[in-house]
Amino acid sequence: MSIKQKTLDLKQRMQNALQGGGAKAIEKQVAMGKMTARERIISLLDPNSFHEYDLFVEHAAKDFDMDKKHLPGDGVITGTGTINGYPICIYAQDFTVAGGSLGLMHARKIGKIMDHAMKLKIPIIGINDSGGARIQEGVNSLAGYGEIFYRNTQASGVIPQISVILGPCAGGAVYSPALTDFVFVVDKISKMFITGPEVIRSVLGEEISMEELGGARVHSEITGNAHFFSDSEAECFQKIKKLVSYIPWSNKYKATQFPKKAPKSKQFKIENIIPTDPREPYDVRDVIRAISDDSDFFEVQELYAANMVVGFGRMNGQTVGFVANQPLFLAGVLDVDSSDKAARFIRYCDAFNIPLVTLVDLPGYLPGIDQEHAGVIRHGAKILYSYSEATVPKLTVILRKAYGGGYIAMCSRHLKADFVFAWPTAEIAVMGPEGAANIIFRHEIMNSPNPEETRQKKVEEYKKKFANPYVAAAHGYIDAVIEPSDTRKFLLHALEISAGKDEKGPDKKHGVPPF
Ligand code: HXC
């Protein structure tokens with residue numbers, strides 16, 4: 001064959017492979033409101049940046065007539081490209097080819113692109129749309145999953161790993177996303193579960209739909225497995241692009257520096273956000289927007305454990321991770337879910353050199369039988385562990401209440417915050433004035449001719465003595481009591497002078513966090 005003929009032959013082979021599972025399967029995919037795997041990659045990446053590899057990989061399975069089946073690309077597309085000029089490795093499972101099921105060669109393609117990402121120290125994005133382990137390939141499929149889980153774990157904390165669930169993700173397949181940093185889901189399209197409705201019906205006799213069992217809302221609101229919820233694939237890709245702009249390529253870098261921008265101060269004025277009545281709630285996200293560049297805040301796990309707010313913003317162009325109690329929900333208490341949510345985010349920021357800004361306003365850990373039995377001791381300890389372990393710059397602002405364990409847990413001086421500021425409205429005490437007065441003045445209250453009046457008097461006495469920032473300031477536990485309108489100024493300065501922070505923990509293989 002001449003070079004020309006060989007080139008034509010190549011083109012023909014490529015053309016065949018690019019058909020995926022064929023017109024009928026693609027039609028079915030589109031009818032389900034889903035893009036094809038290749039369309040997804042093209043939509044997500046910068047125009048013309050995608051370079052595909054291993055297009056001609058074939059499976060070698062023989063059992064169950066597999067030797068008669070040709071599966072283009074073995075049901076997964078892999079390659080490299082850029083997002084906003086940012087290099088990434090990517091794979092997308094092609095549901096039109098044997099339901100995107102994972103056989104040995106399919107898994108090897110994924111493993112190979114993950115290895116590239118680790119060698120090149122750039123993020124890996126995995127788009128999941130698969131019926132799970134390819135049943136005909138038996139243990140080889142399981143081996144493939146194991147190889148992926150191992151790589152996910154090795155890559156954790158080294159390169160950003162992003163999972164996008166755009167179809168079924170069933171059985172053990174869910175554990176690769178669960179081991180990655182961020183999971184994106186799309187309403188009505190994403191489905192994640194270990195055992196599906198069929199198994200649940202036959203084993204337990206319980207009826208449930210796939211959507212109710214493991215749809216996008218379930219994982220965004222209830223389980224916390226998903227970090228970003230979207231209504232469409234297009235919206236999901238926009239969110240991925242936005243996330244990528246905040247995070248560094250790997251743990252060896254800092255996030256890209258953006259031009260500095262002032263907050264939109266007319267819309268978000270700190271003095272107007274906090275109500276005069278200390279018991280009245282407010283939206284802590286307004287405080288974040290009042291201090292972040294351009295009043296921008298990219299919230300992570302917005303629909304899960306709403307009593308804790310976490311997410312990314314920028315201050316003087318530098319990415320920071322915000323962690324804040326949300327007085328709008330459960331008064332911003334720490335409980336099992338909010339502790340998990342915050343702890344994981346803190347560890348992400350610490351692994352990827354993103355300074356932490358913590359905003360405190362909480363009455364403490366949530367009391368209750370449910371919480372105790374759900375393990376609030378172990379889960380609550382996670383937040384203590386992650387803050388104590390974190391060595392990135394840690395800046396804390398106490399806005400109002402900082403009671404008891406909540407005060408300690410929310411990046412206090414004692415967990416080695418670098419700077420702790422408090423507003424004059426801060427109340428730093430071992431517990432709320434009402435509870436405290438009831439305990440320490442119990443006898444006095446009970447024995448007085450007018451117990452209610454005495455109780456009120458004692459509450460006021462306690463408030464005056466402890467419910468302010470000055471006792472903590474007198475001990476040096478906070479560095480400065482600041483006017484709320486000076487918050488950004490103090491934080492910017494603290495960030496600037498913390499830029500060279502280089503703290504190392506003790507020499508150890510790794511700790512044993514309260515998983
Ligand atoms: C081989 C599979 C497959 C699989 C789907 N297909 N899943 N082939 N192995 N796991 C094939 C189908 O045979 C079909 O092929 C094509 O993909 C499309 O599938 P449909 O069933 O027609 O699609 P749909 O109706 O949309 O249903 C999708 C589905 C269903 C809900 C995902 O296919 C399904 O339930 N699949 C099995 C899910 C499952 O139990 N997976 C767990 C496997 S065990 P044709 O040729 O007809 O087009 C596992 C353990 C891993 O994953 C543990 C790791 C630690």
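Remember, it's 1-based here, ligands and their atoms both numbered in the order they're listed. What's counted below: heavy atoms across the whole structure, side chains too, no hydrogens, waters or symmetry copies.
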Which residue owns the protein heavy atom closest to [atom], what's the atom, and how far is it?
{"atom": "atom 52 (O) of ligand 1", "value": "Ala133 N, 3.0 Å"}
{"atom": "atom 51 (C) of ligand 1", "value": "Gly172 N, 3.6 Å"}
{"atom": "atom 2 (C) of ligand 1", "value": "Ala98 O, 3.8 Å"}
{"atom": "atom 27 (O) of ligand 1", "value": "Phe95 CZ, 4.5 Å"}
{"atom": "atom 23 (O) of ligand 1", "value": "Lys28 NZ, 3.3 Å"}

- Task: Can you see which heavy atom on Ala98 is nearest to which on Arg134, and at what distance?
- Result: CB-NE, 4.4 Å
- Shortest non-hydrogen pair, Thr80 vs Cys89, comes out as CG2-SG, 3.8 Å
- Message: For Phe182 and Phe228, take the angle between the two ring planes, folded into 0 to 90°, and tell me which bin it lands in: parallel under 30, tilted 30 to 60, perpendicular over 60.
- Response: tilted
- Hey, can you tell me if Phe312 and Tyr348 have their rings parallel, tilted or perpendicular (30° and 60° cut-offs)? perpendicular
- Message: I'd like to check whether Ile135 has a polar contact with ligand 1, where a contact means an N/O of the residue lying under 3.5 Å from an N/O of the ligand.
- Response: yes
- Query: Less than 3.5 Å between some nitrogen or oxygen of Gly99 and one of ligand 1, yes or no?
  - Reply: yes
Interfacing atoms of ligand 1 (cut-off 4.0 Å, heavy-atom, [X]):
{"X": "Arg134", "answer": "1 (C), 9 (N)"}
{"X": "Met210", "answer": "31 (C)"}
{"X": "Gln136", "answer": "1 (C), 9 (N)"}
{"X": "Tyr145", "answer": "51 (C), 54 (C)"}
{"X": "Leu142", "answer": "51 (C), 53 (C)"}
{"X": "Ser101", "answer": "1 (C), 3 (C), 4 (C), 8 (N), 9 (N)"}
{"X": "Phe149", "answer": "55 (C)"}

- Minimum non-hydrogen distance to atom 36 (N) of ligand 1, winning option of Ala170, Gly100, Gly131: Gly131
Classify the side-chain pair [X]/[Y] by whether it contains a donor and acceptor separated by less than 3.5 Å.
{"X": "Gln5", "Y": "Asp9", "value": "no"}
{"X": "Ser176", "Y": "Asn152", "value": "yes"}
{"X": "Arg314", "Y": "Ser245", "value": "yes"}
{"X": "Asp129", "Y": "Gln29", "value": "yes"}
{"X": "Ser209", "Y": "Glu212", "value": "yes"}

Sub-4.0 Å protein heavy atom near [atom]:
{"atom": "atom 31 (C) of ligand 1", "value": "yes"}
{"atom": "atom 10 (N) of ligand 1", "value": "yes"}
{"atom": "atom 46 (O) of ligand 1", "value": "no"}
{"atom": "atom 14 (C) of ligand 1", "value": "no"}
{"atom": "atom 54 (C) of ligand 1", "value": "yes"}
{"atom": "atom 41 (N) of ligand 1", "value": "yes"}
{"atom": "atom 7 (N) of ligand 1", "value": "yes"}

- Are Met308 and Val323 close enough that some pair of their side-chain heavy atoms sits under 4.5 Å apart? yes
- Hey, could you give me the CG/CZ distance between Asp74 and Phe56, rounded to the nearest 0.5 Å? 14.5 Å
- Message: Taking Lys112 first and then Asp115, would you say they form a salt bridge - that is, a charged N and a carboxylate O separated by under 4.0 Å?
- Response: no
- Query: Ring centres of His414 and Tyr387 under 6.0 Å apart?
  - Reply: no
- Note on the structure: Checking heavy atoms under 4.0 Å, the part of Tyr175 that sits near ligand 1 is neither
- Among Ile124, Leu45, Leu44, whose side-chain contact (heavy atoms from CB on, under 4.5 Å) with Ile88 holds? Leu45
